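What you see is a predicted model; the values in this text were computed from it and never measured.
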Amino acid sequence: MWEKGGISYALHRSIQRTHHVYFQRLLQDRHTLCCSITVCGQAVILTNGELAAALLSLPERNREIIFLYFFRDYTQQEIGEMYGRCRSTTGYQIRRTLQLLHKEMEVLLYGESESFTL
């Protein structure tokens with residue numbers, strides 16, 4: 001089902017890229033006040049207050065994984081080794097967390113109320 005080149009694989013990769021691009025755009029937004037959050041013992045300054053709030057709504061482990069992947073440029077393999085998981089499980093966790101961030105951002109920006117769980 002997930003063979004490279006297959007339709008399901010292509011759809012999966014497209015969804016993954018969409019969430020990745022969405023998160024990168026949020027990181028580049030310069031129109032809101034700076035907010036500082038602490039992840040993995042390090043202060044992270046974000047220029048998007050809604051993004052900071054959405055990240056803080058996540059469980060600590062998910063925040064750490066997102067921090068390591070997007071801010072520290074760790075690979076999925078390296079993150080997986082840190083948490084005793086395989087690369088594919090880490091990749092799934094990153095994708096799932098990005099989906100949750102996307103939904104939480106919609107709630108913060110547009111007031112849609114839904115409950116989200118990991």
Side-chain angles (χ1 to χ4, degrees):
M1 180 175 172
W2 289 104
E3 317 84 42
K4 284 196 173 191
I7 293 172
S8 295
Y9 180 82
L11 177 62
H12 169 76
R13 295 294 295 164
S14 176
I15 291 169
Q16 182 181 4
R17 280 191 299 275
T18 300
H19 288 293
H20 185 84
V21 168
Y22 178 80
F23 188 70
Q24 290 293 356
R25 285 184 184 155
L26 289 174
L27 290 174
Q28 295 168 359
D29 183 12
R30 304 279 185 229
H31 301 292
T32 24
L33 298 174
C34 292
C35 297
S36 178
I37 63 172
T38 302
V39 184
C40 294
Q42 295 185 343
V44 178
I45 298 173
L46 300 171
T47 58
N48 186 308
E50 289 86 6
L51 176 59
L55 282 169
L56 287 172
S57 74
L58 297 174
E60 184 176 358
R61 177 174 282 189
N62 292 77
R63 274 196 311 268
E64 290 174 357
I65 289 170
I66 292 297
F67 170 76
L68 293 170
Y69 189 70
F70 285 101
F71 293 90
R72 299 292 306 272
D73 294 322
Y74 279 59
T75 65
Q76 292 177 6
Q77 182 70 36
E78 292 168 329
I79 296 168
E81 290 171 2
M82 292 173 67
Y83 289 97
R85 310 265 184 200
C86 66
R87 185 214 50 81
S88 61
T89 300
T90 302
Y92 171 78
Q93 240 181 337
I94 290 168
R95 289 186 302 279
R96 179 71 179 129
T97 302
L98 289 175
Q99 290 172 346
L100 292 172
L101 275 174
H102 190 135
K103 289 178 183 178
E104 184 64 23
M105 289 296 297
E106 287 178 350
V107 169
L108 291 169
L109 294 171
Y110 306 114
E112 297 174 12
S113 61
E114 295 181 25
S115 61
F116 306 105
T117 58
L118 292 176

Is there a donor in the side chain of Gln77 and an acceptor in the side chain of Arg87, or the other way round, less than 3.5 Å apart?
no
Looking only at heavy atoms, the pair that brings Tyr74 and Tyr69 closest together is O-CD1, 3.4 Å
What is the distance from atom CD of Glu50 to atom OH of Tyr110, rounded to the nearest 0.5 Å?
10.0 Å
Kindly compute the distance separating OG1 (Thr89) from CD1 (Ile94), expressed to the nearest 0.5 Å.
11.0 Å
From OG1 (Thr75) to CG (Leu68), nearest 0.5 Å
10.5 Å
Between the CZ atom in Arg61 and the CD1 atom in Ile66, the distance rounded to the nearest 0.5 Å is 13.5 Å
Out of curiosity, Glu104 CD to Thr97 OG1, how far, rounded to the nearest 0.5 Å?
12.5 Å
Side-chain donor-acceptor contact under 3.5 Å, Gln93 with Tyr83
no
Would you give the length of the straight line joining atom CE of Met105 to atom CG of Leu98, rounded to the nearest 0.5 angstrom?
12.0 Å
Taking all non-hydrogen atoms of both residues, which atom of Thr90 and which atom of Gly80 are closest, and how far apart?
OG1-CA, 3.1 Å
Gln42, CD atom: more than 12 neighbouring heavy atoms under 6.0 Å
yes
Heavy-atom pair with the smallest gap, counting every atom of Ser57 and Ala54
OG-O, 2.6 Å
hydrophobic_cluster_shared for Leu56 and Leu100, side chain cutoff 4.5 Å:
yes
With sequence neighbours left out, write down each residue that passes ring pair (Phe, Tyr, Trp, His ring centres under 6.0 Å) with Phe67, or none if nothing qualifies.
Phe71
Taking all atoms of both residues into account, what is the closest heavy-atom pair of Glu64 and Cys40, and its distance?
CG-SG, 3.5 Å
Flag the pair Gln99 / His102 as yes when at least one side-chain heavy-atom distance between them is below 4.5 Å, and no otherwise.
no
